[in-house]
Amino acid sequence: MTSSSMNMGRVVFFEDRNFQGRSYESSSDCADMSSYLSRCQSCKVERGCFMVYDRTNYMGNQSFLKRGDYSDYQSMMGMSDCIKSCRMIPMHRGQYHMKIHEKENFGGQSHELMEDCDNVMERFRMSNCMSCQVMDGQWLMYEQPSFRGRMMYMKPGEYRSFSSMGMSSNRFMSMRRIVDSYY
């Protein structure tokens with residue numbers, strides 16, 4: 001196996017629970033799985049990490065999947081629908097760097113992170129985190145402290161308003177790096 005193929009992710013999606021029914025294999029992003037499967041209720045991540053979404057075009061509720069078997073997507077992820085799109089998360093080597101802001105458009109109090117933060121309120125005395133800039137690395141941001149609740153995948157870029165991204169509470173209270181050990 002070449003080093004470039006080891007960095008690539010690989011996931012197999014199945015129409016039914018317990019890896020039954022038709023399957024679809026992916027090593028990249030897929031905006032709409034309906035052309036391959038009528039539904040997706042289980043999957044096996046053989047290499048890499050993926051974000052899966054319960055709506056097409058990387059919308060709706062998100063779940064993070066690392067290497068492993070997921071025999072019943074609905075009960076494991078606590079969602080009522082099936083997987084409709086997926087995004088491969090590239091492996092990152094090096095520093096992690098993010099700047100979080102209390103208000104939209106990078107306003108209010110701000111703090112820089114290079115490590116996980118399980119509670120922005122306790123650590124920084126920030127009641128909200130409503131925008132951010134991701135300089136390095138891949139991150140997961142969670143609506144509740146201690147890496148709980150709805151999550152959103154953040155890759156390097158500027159995120160001026162979480163509410164415009166479809167988040168119900170438009171704020172995040174904890175964030176975690178997607179590190180090598182997940183792959």
Side-chain angles (χ1 to χ4, degrees), residues 2-11 26-31 45 47-68 77 83 85-183:
T2 66
S3 63
S4 64
S5 66
M6 286 181 66
N7 287 334
M8 295 207 28
R10 180 167 178 233
V11 61
S26 180
S27 292
S28 62
D29 298 352
C30 180
V45 179
R47 285 191 309 267
C49 297
F50 289 82
M51 287 305 291
V52 294
Y53 304 81
D54 66 358
R55 292 181 31 208
T56 60
N57 298 314
Y58 320 111
M59 302 294 289
N61 293 313
Q62 303 181 26
S63 293
F64 172 72
L65 302 179
K66 58 185 179 179
R67 191 175 49 240
M77 304 304 168
I83 299 168
S85 58
C86 73
R87 176 167 276 149
M88 187 188 75
I89 300 173
M91 184 182 288
H92 174 75
R93 297 216 187 261
Q95 298 252 347
Y96 288 80
H97 189 199
M98 167 192 283
K99 188 172 189 178
I100 59 173
H101 301 269
E102 183 178 32
K103 298 184 179 184
E104 292 183 341
N105 295 312
F106 314 127
Q109 207 183 143
S110 67
H111 296 280
E112 294 196 21
L113 294 172
M114 297 181 87
E115 299 286 330
D116 299 350
C117 177
D118 69 343
N119 190 326
V120 297
M121 179 63 165
E122 287 181 6
R123 186 165 169 190
F124 301 118
R125 301 292 177 236
M126 279 176 61
S127 59
N128 290 311
C129 172
M130 298 174 71
S131 60
C132 74
Q133 297 149 294
V134 177
M135 284 71 93
D136 293 303
Q138 317 289 326
W139 296 76
L140 293 174
M141 296 183 70
Y142 298 82
E143 285 185 321
Q144 297 175 21
S146 302
F147 316 116
R148 293 188 345 249
R150 287 184 53 181
M151 71 175 72
M152 185 166 281
Y153 165 58
M154 303 297 212
K155 60 185 178 181
E158 293 188 342
Y159 302 89
R160 294 185 167 278
S161 171
F162 298 145
S163 61
S164 68
M165 298 170 65
M167 292 304 295
S168 58
S169 73
N170 79 358
R171 68 180 190 157
F172 291 99
M173 299 306 293
S174 57
M175 40 287 303
R176 172 180 280 163
R177 300 161 299 143
I178 301 174
V179 296
D180 290 359
S181 62
Y182 293 154
Y183 291 84

Taking atom OH of Tyr53 and atom CD1 of Ile83, what is their separation to the nearest 0.5 Å?
12.0 Å

Residues forming a ring-ring contact (aromatic ring centres under 6.0 Å, His included) with His97, sequence neighbours excluded
none

For the OH atom of Tyr96 and the CE atom of Met114, what is their distance to the nearest 0.5 Å?
11.5 Å

Name every donor-acceptor pair, under 3.5 Å, that has one atom in a side chain of residues 133-140 and the other anywhere in the protein, sequence neighbours excluded.
from   : atom 1 : to     : atom 2 : distance (Å)
Gln133 : OE1    : His101 : NE2    : 2.6
Gln138 : OE1    : Tyr153 : OH     : 2.4
Trp139 : NE1    : Asp136 : O      : 3.1

Check whether any side-chain heavy atom of Asn61 sits under 4.5 Å from a side-chain heavy atom of Arg150, and report yes or no.
yes

Can you name the closest pair of heavy atoms from Pro145 and Asn119 and give their distance?
CB-ND2, 3.5 Å

Show me, pair by pair, the donor-acceptor contacts under 3.5 angstrom made by side chains of residues 124-131, not counting sequence neighbours?
from   : atom 1 : to     : atom 2 : distance (Å)
Arg125 : NH1    : Met121 : O      : 3.4
Arg125 : NH1    : Glu122 : O      : 3.2
Asn128 : OD1    : Arg171 : NH1    : 3.1
Ser131 : OG     : Lys103 : O      : 2.6
Ser131 : OG     : Phe106 : N      : 3.1

Step by step, work out the side-chain contact (heavy atoms from CB on, under 4.5 Å) result for Met141 and Cys132.
CA-CA 10 Å; Met141 296 183 70; Cys132 74; 4.0 Å; yes

What is the minimum heavy-atom distance between Tyr159 and Lys155, and which atoms define it?
OH-O, 2.7 Å

Between Val120 and Met175, the two heavy atoms sitting closest are CG1-SD, 3.6 Å

When you look at Arg93 and Asp180, which way does the side-chain contact (heavy atoms from CB on, under 4.5 Å) test go after all the steps?
CA-CA 7 Å; Arg93 297 216 187 261; Asp180 290 359; 2.6 Å; yes

For the CD atom of Glu143 and the CZ atom of Phe162, what is their distance to the nearest 0.5 Å?
11.0 Å

How long is the span from the CZ atom in Arg176 to the OG atom in Ser146, to the nearest 0.5 Å?
9.5 Å

Closest non-hydrogen atom pair between Ser85 and Met59, with its separation
OG-N, 4.4 Å

On a heavy-atom basis, the closest approach of Asp116 and Arg123 is O-NH1, 3.0 Å

Step by step, would you call Ser28 with Met88 a side-chain contact (heavy atoms from CB on, under 4.5 Å)?
CA-CA 5 Å; Ser28 62; Met88 187 188 75; 5.6 Å; no

How long is the straight-line distance from CE of Met51 back to CG of Asp29, given to the nearest 0.5 Å?
12.0 Å

Is the shortest distance from a Lys or Arg side-chain nitrogen in Arg177 or Glu115 to a carboxylate oxygen in the other one below 4.0 Å?
yes

Is it the case that the side chain of Ser27 and the backbone of Gly9 share a donor-acceptor pair, with hydrogens and angles ignored and the cut-off at 3.5 Å?
yes

What's the separation between atom CG in Leu65 and atom CZ in Arg87, rounded to the nearest 0.5 Å?
14.0 Å

Phe50, Phe147, Tyr182 screened by ring pair (Phe, Tyr, Trp, His ring centres under 6.0 Å) with Phe64, the one that passes:
Tyr182

Counting only heavy atoms from other residues, nucleotides and ligands, does the tally under 6.0 Å from CD of Glu112 exceed 12?
yes

Which heavy atom of Gln144 sits nearest a heavy atom of Ser174, and at what distance?
O-OG, 2.7 Å

